[in-house]
Participant: 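Have a look at the structure that comes next, please.
A note on names: the letters A, B, ... follow the listed sequences, proteins ahead of strands, and every chain is numbered from 1. Model, not experiment: these values are computed from the prediction.
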Protein chains: 2
Amino acid sequence: MEEFAAVSGISRPTVSKYFNDPDSVRRTTREKIEKALERYEYRPNIYAINQNRKLTKNVGIVVPFLADPFFSEIARQIEQRCVQAGFRPTLFSSYGVPSVEVDILEALRSIKPAGVLLAPLGRASDRSAIESFCADIPTVLFDSNLEGMGEAFVGSDNFSFVSQTVEYLCRSGDAPCFFEMATPANPNANKRRLAYLEMAERLGFEPHVVKIEGEGWAFEEIGQRGALKILSEGGFPSDTILCSNDRLAIGLLSACYEKGLRVGRGDGCALRVASNDDHPFSRFTCPSLTTAAHDYEAVSSRSVERLGELVEAGGRFSSRSEELFPARLVLRESA
Amino acid sequence: MEEFAAVSGISRPTVSKYFNDPDSVRRTTREKIEKALERYEYRPNIYAINQNRKLTKNVGIVVPFLADPFFSEIARQIEQRCVQAGFRPTLFSSYGVPSVEVDILEALRSIKPAGVLLAPLGRASDRSAIESFCADIPTVLFDSNLEGMGEAFVGSDNFSFVSQTVEYLCRSGDAPCFFEMATPANPNANKRRLAYLEMAERLGFEPHVVKIEGEGWAFEEIGQRGALKILSEGGFPSDTILCSNDRLAIGLLSACYEKGLRVGRGDGCALRVASNDDHPFSRFTCPSLTTAAHDYEAVSSRSVERLGELVEAGGRFSSRSEELFPARLVLRESA
DNA sequence: AGTAAAAGTTTACGCGCGTAAAAATTAAAT
DNA sequence: ATTTAATTTTTACGCGCGTAAACTTTTACT
């Protein structure tokens with residue numbers, strides 16, 4: 001930087017100021033530096049910068065399972081918006097393993113991020129590890145809420161999802177049973193079940209929750225196996241099935257196909273299947289999946305916005321906020 | 001570190017040595033330090049470390065599209081193995097955008113990685129940018145080969161994929177036509193087409209390459225639209241279709257379902273469909289997809305191994321190696 | 001016990017940059 | 001042309017650690 005300052009005819013502290021914020025120097029000064037920049041392609045050393053700055057521009061984005069297209073899609077959007085907001089995002093996935101999630105948080109501490117956007121594993125998360133992390137690093141939770149943790153939460157309104165799908169299914173045919181994992185990894189799953197039960201009461205139908213066995217994040221396989229088991233043991237309590245999430249539904253549809261059961265709302269269809277999430281692949285299932293869509297854009301943009309505000313506010317909000325975005329019902333062929 | 005060295009009763013240079021490599025100090029010394037570590041939870045500042053070390057332990061992993069489960073799966077495995085090898089991996093995705101790929105390489109330069117594992121976009125990549133990057137940073141290419149770039153390439157043997165699927169399809173029924181994008185993003189697609197043509201000649205059948213329009217990485221949609229168009233304009237030249245990759249096949253299967261065409265090898269099936277990749281979702285398509293599987297494990301482990309050797313060798317190999325792993329034919333219901 | 005090799009200690013420097021303070025310069029305003 | 005505010009320059013220090021050199025202590029081995 002010393003040398004570069006010399007060739008650009010500006011003092012080093014001013015050059016340093018320029019790289020911190022190009023608009024903080026006079027226009028003529030900026031132009032001189034930028035002219036020199038074209039000829040000498042100097043880049044400040046990021047490690048030296050971050051060692052001396054109290055606050056880096058790093059942002060950590062943590063998701064529970066990047067191989068799930070839902071998360072890779074939302075991570076993609078969040079990443080983009082972080083860059084637009086002037087941050088340097090780094091993407092992490094715990095791939096469903098709690099200890100990896102803890103390791104990621106540990107690694108994040110060491111890069112002294114301005115803030116972290118965290119979608120926790122959920123039930124399997126080490127709550128005390130996350131709590132102590134949030135105490136040290138400004139953190140916004142998204143997608144999956146852990147009560148009281150982080151400075152803010154941005155996610156989707158599970159009741160909005162389920163109420164719309166249930167309402168639609170009841171309006172257009174039989175009331176649905178609810179298909180889910182017995183021990184869901186994600187807290188959203190619990191909220192969805194509760195929403196289903198609530199809707200059953202409101203609309204006056206008998207709820208049936210069908211729980212299937214399975215651990216981990218291989219939801220499609222769990223859904224497929226669970227559905228095959230149920231189908232060969234007397235079938236579902238209703239011909240209309242609402243799945244807790246699209247990945248389970250993908251497994252269910254594959255099981256139905258295997259069993260020769262036609263899914264859809266037309267004549268000759270044995271089952272109707274609807275679900276929640278609007279997973280990127282749900283348009284290509286057979287039949288295409290009727291589902292309640294996340295507002296990907298709202299969740300991702302609001303998460304990053306909230307993080308920006310948090311960093312601006314010095315890392316703490318006076319009170320923790322929770323923002324939930326409603327779902328949008330997407331009618332396709334499966335129900 | 002000064003203070004920590006004091007409380008642990010060891011000199012600072014030795015403590016520094018310890019954090020560089022715990023095994024480089026005497027056992028008794030190590031134990032003293034680790035005992036102190038339990039009580040004072042000191043962590044060396046990663047920025048100060050990397051500023052002074054000639055070589056960081058950072059490794060960049062770059063994939064073209066993380067929302068494609070194929071890449072998220074291979075990225076997952078590579079990430080794991082990097083950690084096991086003592087590296088600090090960071091994951092990047094260009095999400096199909098060439099300028100983002102260039103930005104990523106630029107960002108990678110600034111973190112001075114020990115090495116980079118790069119799966120380039122392919123046709124859309126800025127070759128000169130990648131070339132100049134590889135000249136500066138030790139790079140191993142994987143999945144997608146760019147002639148002469150990087151110190152090594154590790155990928156799958158496209159001929160092995162196509163020869164096995166074609167051979168199987170011919171053996172068990174009619175010869176396949178080949179379904180692909182007119183302007184594929186990935187160089188593997190071209191190799192697969194050539195392999196198909198070569199196999200047609202070897203086995204003595206008339207090749208039919210069916211090309212569909214479409215740009216970008218939304219392969220399922222492109223495959224679906226393309227297939228719908230073809231099906232409503234006279235159909236495919238053969239009742240057996242080999243897709244260039246699984247994501248196109250997923251779109252094709254969805255189009256077939258929509259058209260009421262039964263896919264599979266049994267009686268009453270109008271089409272047989274096979275493909276390449278063994279995409280994580282290909283087990284759950286309707287019907288499940290017969291495909292040639294990548295050796296995910298071999299490709300990912302060998303890539304990381306090769307990178308380790310490269311770093312060990314000081315960043316340069318005397319000659320560029322290309323390693324291709326054969327496919328494994330996975331017979332499912334679609335063909 | 002004696003000795004060479006291995007490991008640790010002291011001392012000191014430098015990495016590349018942020019940043020503070022005081023002085024000097026420039027730009028804007030009366 | 002003066003005054004005043006805004007920038008820039010000079011000078012200087014420090015961040016947290018890697019690392020080299022010379023020296024001292026510990027370990028391993030005959």
Participant: So if I take every side-chain heavy atom of A:Ser11 and compare against D:dT9, C:dG8, D:dC17, which nucleotide ends up nearest?
Facilitator: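 Nucleotide nearest to A:Ser11's side chain: D:dT9.
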
Participant: Give B:Tyr18 one of three labels, base, sugar-phosphate or nothing, depending on what nucleic acid heavy atoms sit under 4.0 Å from its own.
Facilitator: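 Nothing: the residue B:Tyr18, judged by heavy atoms under 4.0 Å, touches no strand.
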
Participant: Each nucleotide N or O in nucleotides 18-24 of chain C that has a protein N or O under 3.5 Å away: list the pair and distance.
Facilitator:
| residue | atom | partner | partner atom | Å |
| --- | --- | --- | --- | --- |
| C:dG18 | OP2 | A:Ser16 | OG | 2.3 |
| C:dG18 | O6 | A:Arg12 | NH2 | 2.8 |
| C:dT19 | OP1 | A:Lys54 | NZ | 3.1 |
| C:dT19 | O4 | A:Arg12 | NH2 | 3.3 |

Participant: Nearest whole Å is fine: how far is C:dA7 P from B:Arg30 CZ?
Facilitator: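 One finds 11 Å between P of C:dA7 and CZ of B:Arg30, rounded.
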
Participant: Base, sugar-phosphate, or nothing for B:Phe4, non-hydrogen atoms under 4.0 angstrom?
Facilitator: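 No contact.
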
Participant: Quickly work out the A:Arg27 CZ to D:dT8 P distance and round it to whole Å.
Facilitator: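 The distance from CZ of A:Arg27 to P of D:dT8 comes to 12 Å, rounded to the nearest Å.
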
Participant: Could you give the NZ-to-P distance, from B:Lys32 to C:dA7, as a whole number of Å?
Facilitator: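 After rounding, the reported distance stands at 15 Å.
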
Participant: Whole Å only: how far is the CG atom of B:Asn45 from the C1' atom of C:dC17?
Facilitator: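 My rounded result for the distance is 13 Å.
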
Participant: Is A:Arg53 positioned over the aromatic face of B:Tyr47, cation under 6.0 angstrom from the ring centre and no more than 45 degrees off axis?
Facilitator: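 Geometry flag: not set, cation outside 6.0 Å or 45°.
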
Participant: Do B:Leu141 and B:Met149 have side chains that get closer than 4.5 Å, going by heavy atoms?
Facilitator: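 They are in side-chain contact.
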
Participant: Choosing from D:dT8, C:dG8, D:dC17, which nucleotide comes nearest the side chain of A:Thr29?
Facilitator: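 Ranking D:dT8, C:dG8, D:dC17 by closest atom to the A:Thr29 side chain puts D:dT8 first.
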
Participant: Rounded to whole Å, please give me the gap between CD1 in B:Ile10 and C1' in C:dT10.
Facilitator: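 So the CD1-C1' distance, B:Ile10 to C:dT10, works out to 14 Å.
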
Participant: Just by distance, do the side chain of A:Arg123 and the backbone of A:Pro187 share a donor-acceptor pair under 3.5 Å?
Facilitator: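 A pair under 3.5 Å: no.
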
Participant: How long is the line joining CD of B:Gln51 and P of C:dC13, in whole Å?
Facilitator: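 It works out to 18 Å between those atoms.
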
Participant: Would a distance-only check, ignoring hydrogens and angles, find a side-chain to backbone donor-acceptor pair under 3.5 Å from A:Tyr42 to A:Leu37?
Facilitator: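 Looks like no, no N/O pair under 3.5 Å.
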
Participant: So among B:Lys32, B:Arg30, B:Glu34, which one has a side chain to side chain donor-acceptor pair (under 3.5 Å) with B:Tyr18?
Facilitator: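 Only match with B:Tyr18 under side chain to side chain donor-acceptor pair (under 3.5 Å): B:Glu34.
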
Participant: Identify, between B:Arg26 and B:Ile46, the residue whose nearest nucleotide on DNA chain D lies closer to the 5' end.
Facilitator: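 Looking at the nearest nucleotide for each, B:Ile46 comes out on the 5' side.
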
Participant: How about A:Phe65 and A:Phe70: are their ring centres within less than 6.0 Å of each other?
Facilitator: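 Not close enough - the centres of the two rings lie 6.0 Å or further apart.
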
